[in-house]
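Only one structure is covered here, and it is reproduced in the block below.
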Amino acid sequence: MSGRAGKFPVLTMATTSRVLSLIIVCCVAVSVLAAPALSQEDPRILREEQAHLREQESRRDELTAFIAAQEAALGELNNEILDLANAISTDNTRLALLADKFERTVDERREPAATRIEIAVISFRQGDPRQSGLIDEIRSLDGNTTVPRQRVLYQSVVDDATRRLNEIDARLQGLTDQLTQTRQLLSASQDQFEQRQARQRQLRDEIDAAEAELENTLVAIQNTLIRIDKEQSRQISAVLTGLDATSHVDRPALVVKIDNVPAAMPQAGVNQADVVFVEEVEFATRLAAVFHSTAPEEVGPVRSMRTGDFDLLAQLNSPLFANSGGNRGARAALAQSTLVDIGVGAAPQLYYRVSSRRVPHNLFTNTGNLWSVGSGYSGTGLPSPMFVFRGPDEPINSTAVPASSIDIDYGHTEVSYAWNGSGWDRTQDGRPMFDNRGIRTSPATVIVQFTRYGQSAADSRSPEAIAVGAGRALVFTDGHVVEATWSRQRAADVTVYSDNQGRRISILPGRTWVELPRSNSTSYS
């Protein structure tokens, strides 16, 4: 607020942007010290703070608009007060002039008729011809006893005095009316002036209160921003799932080849995998389960590699590769790939067999043990983000349409998914899929990446997925499907999934299964 000295001050308010900048600069140091510590173990705190920030920013905008409106009203009111002050001053001056004129007129009225005769005599002595005739007549009457003529002469003087008094009374009445009217105007102006001054004080009080609240709101916003910044620095999303994590995962991705035939069911660890690729092999499918954010104690049954694995998994930036072995051609291709071999052939001590299952469906491993040994290998790196995850307030892709079920035919294996409200329940060959803990396999997103298969150079009977290039895809997420295109120029690049407008498709945070069937193999409803 500006100073208020003087009778009719004109207020000049600082602009809102200036107020904001000044207050924030002043309060940063205090805010840093005052911001309370937040628990990094509760990701809800960040969402709550962000919601609180939106409320505070909304209130800030309301107060800013209110202050601007009140300042505008106050400016108009100041102009009205100035106009009324000028009107009051004019009315006071006019009233004083009228009072002086009234007083002079009253004095003029008090002249007695005798004074008029005396003035007439003086005028005669001074030779005033206007009065000499009247004096002569009066003198001639002094010795005359004719009353009527003398009465007529005196009456003429009385009539003249009466006429002049009537003129003066008329002028006095006019002055009285003007005085009354001016006093009424002055009184009305003074009443309006007092009302405007009262409103002016009210507006100033409202602006003062709003500015005080705005200052407090700005301090609160700055404190909230600092807390959000601190919380965001602690809030880490898992790179392959987009889910909140409590600490940064500084290790390479680990891929485990998992058996996927009825004798291998139920599998261990598949529901904890960040990403699962489903590949076609000889008369069956096999899983390439990618672990990064979690480390299940048991994973398996572990099975052998295929030459198609190397291009498919190269997008994970030299991941650890756990497998039960492979033929000579596959092992040679693995040695030339970017994958780090940590399979049975390279580290047999990290695998074990269980007696409750038949060979070859009984080989298992522990991811913690794999990482403890494999992380010491040279050449491994952290995986790059493979997907774009939707934020909590981000709308679903505009080209998405509702979908509730998926059916995929691999020729020798049939797979289906059903949307359950939060994930896609997986069924294989008519049997609902559960892991060895009895938990249903229900990934948050299912991507059907239609894939061409060639013939493996290591085994003519083995199909080899062509994972570099481009093709059609279907992205199922949040109870919807998006018709998509997948593209990947080099094996080291991550696969990009785009809608028909060329935009990358955002999916729900969570675990993702990527099915790699041949074209014309999938339907949905």
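Residue numbers start at 1 and run along the sequence shown. Computed over heavy atoms, backbone and side chain alike; hydrogens, waters and symmetry mates excluded.
Residue-environment remark: CG (Asn500) exceeds the threshold of 12 foreign heavy atoms within 6.0 Å. Counting heavy-atom neighbours within 6.0 Å of Tyr352 OH, excluding the residue itself, gives a total above 12. The 12-atom threshold is exceeded at CD of Gln202, counting heavy atoms of other residues, nucleotides or ligands nearer than 6.0 Å. Annotation: Glu394, atom CD; neighbour count of heavy atoms from other residues, nucleotides and ligands within 6.0 Å is above 12.
Side-chain contact between Glu282 and Pro463: present, with at least one pair of heavy atoms (C-beta onward) separated by less than 4.5 Å. At least one side-chain heavy atom of Arg54 sits less than 4.5 Å from a side-chain heavy atom of Asp393. Residues Asn323 and Ser304 have side chains not in contact (no heavy-atom distance under 4.5 Å, counting atoms from C-beta outward). Proximity of Thr495 to Met386: side-chain heavy atoms (C-beta onward) are nowhere separated by under 4.5 Å. In this structure the side chain of Val514 reaches within 4.5 angstrom of the side chain of Thr512, judged on heavy atoms. Taking 4.5 Å as the limit, some side-chain heavy atom of Trp513 sits within range of a side-chain heavy atom of Leu287. Taking 4.5 Å as the limit, some side-chain heavy atom of Ser442 sits within range of a side-chain heavy atom of Asn420. Pro301 is listed as a side-chain neighbour of Gln267, based on a closest heavy-atom distance under 4.5 Å.
Among residues two or more places apart in sequence or in another chain, the side-chain contact (heavy atoms from CB on, under 4.5 Å) test is passed with Asn271 by Asp435, Arg437, Ile439, Thr441. In terms of the side chain to side chain donor-acceptor pair (under 3.5 Å) criterion, residue partners of Ser405 (sequence neighbours excluded) are, by chain and number, Ser525. Partners of Arg303 according to the side chain to side chain donor-acceptor pair (under 3.5 Å) rule, which considers only residues two or more places apart in sequence or in another chain, are Asp259. For Arg59, the salt bridge (charged side-chain N to carboxylate O under 4.0 Å, His left out) partners at least two apart in sequence or on another chain are Glu62, Glu213. Residues forming a side chain to side chain donor-acceptor pair (under 3.5 Å) with Thr399 (at least two apart in sequence, or on another chain): Asn397. Taking the side-chain contact (heavy atoms from CB on, under 4.5 Å) definition, one finds that Ile396 meets it with Arg390, Ala400, Asp478, His480, sequence neighbours left out. Under the side-chain contact (heavy atoms from CB on, under 4.5 Å) criterion, Ser293 pairs with Ala238, Thr241, Asp274, Arg511, not counting sequence neighbours. Glu414 meets the side chain to side chain donor-acceptor pair (under 3.5 Å) test with no other residue; sequence neighbours excluded. Under the side-chain contact (heavy atoms from CB on, under 4.5 Å) criterion, Ala295 pairs with Arg251, Thr367, Trp371, not counting sequence neighbours.
Side chain of Gln455 to main chain of Ser460: a donor-acceptor pair is present (N/O by atom type, distance under 3.5 Å, no hydrogens or angles). Without hydrogens or angle criteria, Arg440 side chain to Arg426 main chain gives a donor-acceptor distance under 3.5 Å. Looking at Thr294, its side chain does come within 3.5 Å of a backbone N or O of Gln272 through a donor-acceptor pair. Checking side-chain atoms of Ser372 against main-chain N and O of Asn369 turns up a donor-acceptor pair under 3.5 Å. Within the 3.5 Å criterion, the main-chain N or O of Gln449 finds a donor-acceptor partner in the side chain of Thr451. Of the possible polar contacts, one joining the Trp486 side chain to the Phe450 backbone as a donor-acceptor pair under 3.5 Å is found.
With hydrogens and angles left out, the side-chain atoms of His52 and Glu48 include no donor and acceptor closer than 3.5 Å.
Once rounded to the nearest 0.5 Å, the distance linking OG of Ser404 with CH2 of Trp424 reads 7.0 Å. For the atom pair CD (Glu464) and CZ (Phe310), the distance works out to 9.0 Å, reported to the nearest 0.5 Å. Taking CG of Leu339 as the start and CG of Leu316 as the end, the distance is 8.0 Å to the nearest 0.5 Å. Atom CZ of residue Arg286 and atom CE of residue Met305 lie 11.0 Å apart, to the nearest 0.5 angstrom. Separation of atoms CG (Leu63) and CD (Glu215) is listed at 11.0 Å; rounding is to 0.5 Å. Residue Leu53 holds its CG atom at 11.5 Å from CG of Asn223, rounded to the nearest 0.5 Å.
Ring orientation note: the planes of Phe389 and Phe387 are nearly perpendicular, at an angle over 60° on the 30°/60° scale. Between Tyr524 and Phe476, the two ring planes are perpendicular [angle over 60°; tilted spans 30° to 60°].
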- [ ] Could you walk me through whether Val278 and Gln428 pass the side chain to side chain contact (heavy atoms under 4.5 Å, CB included) test, one step at a time?
- [x] CA-CA 12 Å; Val278 184; Gln428 183 169 306; over 6 Å; no

- [ ] Output, in order, the C-alpha distance, side-chain angles, deciding distance and verdict of side chain to side chain contact (heavy atoms under 4.5 Å, CB included) for Leu474 and Glu483.
- [x] CA-CA 5 Å; Leu474 296 171; Glu483 290 279 351; 3.4 Å; yes

TODO: Run the numbers on Thr224 and Ile221 for side chain to side chain contact (heavy atoms under 4.5 Å, CB included), then give the verdict.
DONE: CA-CA 5 Å; Thr224 302; Ile221 287 174; 5.6 Å; no

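Residue pairs meeting the salt bridge (charged side-chain N to carboxylate O under 4.0 Å, His left out) criterion with at least one partner in residues 307-318, sequence neighbours excluded, are Lys257-Asp309. Within the structure, salt bridge (charged side-chain N to carboxylate O under 4.0 Å, His left out) contacts touching residues 397-410 (residues at least two apart or in different chains) do not occur. Within the structure, salt bridge (charged side-chain N to carboxylate O under 4.0 Å, His left out) contacts touching residues 485-503 (residues at least two apart or in different chains) are Arg490-Asp493, Asp499-Arg503.
When all heavy atoms are compared, the tightest approach of His292 to Pro383 is NE2-CD, 3.5 Å. In terms of heavy-atom proximity, Ser318 sits nearest to Gly379 at CB-O, 3.1 Å. Minimum interatomic distance between Ser237 and Asp244 (heavy atoms only, all atoms of both residues): OG-OD1, 4.2 Å. The heavy-atom pair separating Ala473 from Tyr497 by the smallest distance is CB-CD2, 4.2 Å. A pairwise comparison of heavy atoms in Pro252 and Leu382 identifies N-CD2, 4.4 Å as the closest pair. Leu350 approaches Thr365 most closely through the heavy-atom pair O-OG1, 2.8 Å.
Checked against Val270 for a side chain to side chain contact (heavy atoms under 4.5 Å, CB included), the options Ile258, Val299, Asn260, Asn436 give a single hit: Ile258.
A salt bridge between Arg431 and Asp429 is absent, with no side-chain N of the basic residue lying under 4.0 Å from a carboxylate O of the acidic one. The pair Glu279-Arg306 does not count as a salt bridge, with every side-chain nitrogen at least 4.0 angstrom from each carboxylate oxygen.
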